Amino acid sequence: MAGLIPSARDASPRKVGRPRGYIDNYRPQSRTLALLAIVQAVLDEYREHWPLTARQLFYRLVGAHGFDKSEAFYSTLCHHVANARRARLIPFAAIRDDGVMTLTMDHYADADAFRAVMRERAENYRRDLMADQDVHTEIWCEAAGMVQQLARIGHQYSIRAYSSSGFDSLTAKKALADRICATGKPAFILHLGDLDPSGKSMFDVAAEDVQAFVQADRANGLVKVEFVRVALTWAQVTAYHLPTSPAKTTDSRSKGWTGETCQLEALAPDQIAALLKVEIEKIVDIARMNAALAAEEDERQQLTRLLPTPVSTASRNNGETR
């Protein structure tokens with residue numbers, strides 16, 4: 001596909017320096033348009049898994065469309081996808097490329113706003129399906145950009161997803177151990193990460209550290225934690241014919257590493273979702289979960305009846321003003 005790979009400099013001829021905000025006069029060359037058409041086809045194919053990461057998009061183009069598996073093409077792809085997003089050709093919601101974290105604030109404009117939020121929450125009430133389970137489960141992923149994708153799967157079971165880039169953080173590991181100890185249940189941490197020396201080392205060290213904290217702080221011997229490697233494994237690399245690369249010589253952990261490496265995002269989004277669901281359903285009691293779901297609708301109706309529509313909302317719906 002070398003003929004389809006545009007230069008990273010291909011953009012609007014009126015562009016001076018790096019673009020800021022939207023690009024209103026985006027006029028890419030024909031080969032860039034051809035690339036973006038394939039990108040859009042990939043995004044359409046995996047729409048239910050949005051947002052994809054830039055790496056996932058890259059590996060779909062390499063694996064399914066024959067593009068070069070090179071950092072040069074990855075850089076070019078990121079450049080043109082970014083411009084296409086600025087030009088409103090690709091939805092911003094389709095791709096996640098940030099590591100931003102914030103803390104929510106439960107502040108409201110006034111009492112009516114509070115009542116409106118409570119009413120909406122009642123109408124969208126969901127039971128914690130893990131509350132009646134005998135185990136505590138969390139999903140951790142090395143790629144922060146994939147958390148929203150994995151959360152969409154996990155939330156079907158009331159299981160939270162986290163970015164395991166925090167596994168380098170002592171605070172994050174202690175917080176995880178504290179959550180496990182607070183549940184009073186055995187815990188399973190479902191982990192997804194790259195198959196390379198750094199990814200494996202991060203996984204192993206985190207597992208040992210969290211297990212040590214849990215053993216020291218637990219209230220009873222029933223509380224324990226098991227780390228489960230959902231992906232990526234050598235068996236998966238072979239089964240899905242994933243592209244590999246030599247271990248980086250700059251990584252000090254490569255000395256004890258045998259064979260090639262592979263990135264998690266080489267797996268297609270639907271393959272990752274399927275692997276995760278299989279592991280979750282090995283752990284949870286599906287019958288007990290279905291019973292909780294059956295009770296959920298009755299509880300939602302009861303809560304909605306207890307929280308009448310706020311006056312301001314009712315007035316607007318009737319065409320009245322306050």
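It should be emphasised that the depicted structure is a prediction, and the values quoted were computed from it without experimental measurement. Note that the numbering runs from 1 along the sequence shown for the chain.
With a 6.0 Å radius and a threshold of 12 heavy atoms from other residues, nucleotides or ligands, Gln215 has its CD atom at or below the threshold. Residue-environment remark: CZ (Phe92) exceeds the threshold of 12 foreign heavy atoms within 6.0 Å. Heavy-atom contacts from other residues, nucleotides or ligands closer than 6.0 Å to NZ of Lys200 number 12 or fewer. The local environment of CZ in Arg218 is crowded, with over 12 non-hydrogen atoms from other residues, nucleotides or ligands closer than 6.0 Å.
Checking Asp298 against Gln302 by side-chain atom types alone, no donor-acceptor pair falls below 3.5 Å. For the residue pair Gln263 / Tyr59, a side-chain donor-acceptor distance below 3.5 Å is found, with atom types taken as modelled.
Side-chain contact between Arg127 and Asp132 is present, with heavy atoms from C-beta onward closer than 4.5 Å. Two residues are said to be in side-chain contact when any heavy atoms from C-beta on lie closer than 4.5 Å; Gln56 and Pro269 meet this criterion. Contact of the Met130 side chain with the Met289 side chain is registered, since non-hydrogen atoms from C-beta on lie closer than 4.5 Å. Looking at Val225 and Leu176, their side chains never come closer than 4.5 Å, going by heavy atoms from C-beta outward. Looking at heavy atoms from C-beta onward, Leu77 lies in side-chain contact with Val39 at the 4.5 angstrom threshold.
In terms of modelled atom types and a separation under 3.5 Å, the side chain of Thr261 and the main chain of Ser245 share a donor-acceptor contact. For the pair Arg86 (side chain) and Gly21 (backbone), a donor-acceptor distance under 3.5 Å is present. Between the side chain of Arg60 and the main chain of Val42, no donor-acceptor pair closer than 3.5 Å is present. No donor-acceptor distance shorter than 3.5 angstrom exists from the side chain of Gln149 to the backbone of Met146, with no hydrogens or angles considered. A donor-acceptor pair under 3.5 Å is absent between the side-chain atoms of Gln133 and the main chain of Val284, judged by distance alone. Remark: side-chain polar atoms of Asn124 are paired, donor with acceptor, to backbone N or O of Glu120 under 3.5 angstrom. Listed for the Ser158 side chain is a donor-acceptor partner under 3.5 Å among the backbone atoms of Leu129. At distances below 3.5 Å, not a single donor-acceptor pair connects side-chain atoms of Glu279 with backbone N or O atoms of Arg229. Here the side chain of Thr304 pairs a donor or acceptor atom with the backbone of Arg300 at under 3.5 angstrom. No donor-acceptor pair closer than 3.5 Å links the side chain of Trp257 to the backbone N or O of Ser198.
Between Ala247 and Pro197, the shortest heavy-atom distance links the atoms CB-CG, 4.2 Å. Scanning both residues, His136 and Ile180, for their nearest heavy atoms gives CD2-CG1, 4.3 Å. Pairing each heavy atom of Gly145 with each of Thr53, the nearest pair is C-CG2, 3.5 Å. Of all the heavy atoms in Val223 and Cys181, the pair that sits closest is CG1-CA, 4.1 Å. Listed here is the closest heavy atom pair of Val237 and Cys262: CG2-CB, 3.9 Å. Taking all atoms of both residues into account, the shortest heavy-atom contact from Ser163 to Glu142 is OG-O, 4.5 Å.
Interatomic distance, CD of Glu265 versus CG of Leu232, reported as 10.5 Å (0.5 Å rounding). Rounding to the nearest 0.5 angstrom, the gap separating the NZ atom in Lys224 from the CG atom in Leu222 is 8.0 Å. Atom-to-atom distance recorded for Leu264:CG and Thr233:OG1 is 10.5 Å, nearest 0.5 angstrom. Remark: Arg160 CZ to Leu150 CG distance equals 15.0 Å, nearest 0.5 Å. Of the inter-residue distances, the one linking Trp234 atom CH2 with Thr258 atom OG1 reads 9.0 Å to the nearest 0.5 angstrom. In this structure, NE2 in His191 is found 8.5 Å from CZ in Phe227, a value given to the nearest 0.5 Å.
Contact check on Asp24 versus Arg88 returns a salt bridge, with a Lys/Arg side-chain nitrogen under 4.0 Å from an Asp/Glu carboxylate oxygen. Using a cutoff of 4.0 Å between basic side-chain nitrogens and carboxylate oxygens, Glu138 and Arg179 are scored as salt-bridged. A salt bridge is defined here as a Lys NZ or Arg NE, NH1 or NH2 lying under 4.0 Å from an Asp or Glu carboxylate O, and Arg55 with Glu71 meets this definition. With respect to Arg288 and Asp134, a salt bridge is recorded, a charged nitrogen being found less than 4.0 Å from a carboxylate O.
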Steps toward side-chain contact (heavy atoms from CB on, under 4.5 Å) verdict (Gln156, Lys277):
CA-CA 10 Å; Gln156 297 173 27; Lys277 285 184 177 180; 3.9 Å; yes

Could you go through Leu192 and Leu275, starting from their C-alpha distance and side-chain angles, then the distance that decides it, and tell me whether this counts as side-chain contact (heavy atoms from CB on, under 4.5 Å)?
CA-CA 10 Å; Leu192 301 94; Leu275 290 168; over 6 Å; no

Are Lys174 and Asp217 close enough, and set up right, to give a side-chain contact (heavy atoms from CB on, under 4.5 Å), and what steps lead you there?
CA-CA 10 Å; Lys174 181 60 166 62; Asp217 295 339; 3.7 Å; yes

Take Thr137 and Tyr157, measure what side-chain contact (heavy atoms from CB on, under 4.5 Å) needs, and give me the verdict at the end.
CA-CA 10 Å; Thr137 307; Tyr157 307 87; over 6 Å; no

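Placement of Phe203 and Ile139 in two distinct hydrophobic clusters is found when ILVMFWY residues are connected by side-chain heavy-atom separations under 4.5 Å, directly or transitively. The cluster map of Ile, Leu, Val, Met, Phe, Trp and Tyr, joined by side-chain heavy atoms under 4.5 Å apart, puts Leu61 and Ile90 in the same cluster. Linking ILVMFWY side-chain heavy atoms closer than 4.5 Å, directly or via other members, places Ile286 and Leu276 in a single hydrophobic cluster. Hydrophobic clustering (ILVMFWY, side-chain heavy atoms < 4.5 Å, transitive): Phe67 and Leu52 are in one cluster. Side-chain heavy atoms closer than 4.5 Å link hydrophobic residues (I, L, V, M, F, W, Y) into clusters, and following such links, even through other members, never connects Trp50 to Val147.
In terms of the salt bridge (charged side-chain N to carboxylate O under 4.0 Å, His left out) criterion, Asp128 has no residue partners (sequence neighbours excluded).
Of the residues Leu35, Ile95, Thr76, the one that meets the side-chain contact (heavy atoms from CB on, under 4.5 Å) test with Val81 is Ile95.
Classification of the Phe58-Tyr74 ring pair by plane angle, with boundaries at 30° and 60°, yields perpendicular.
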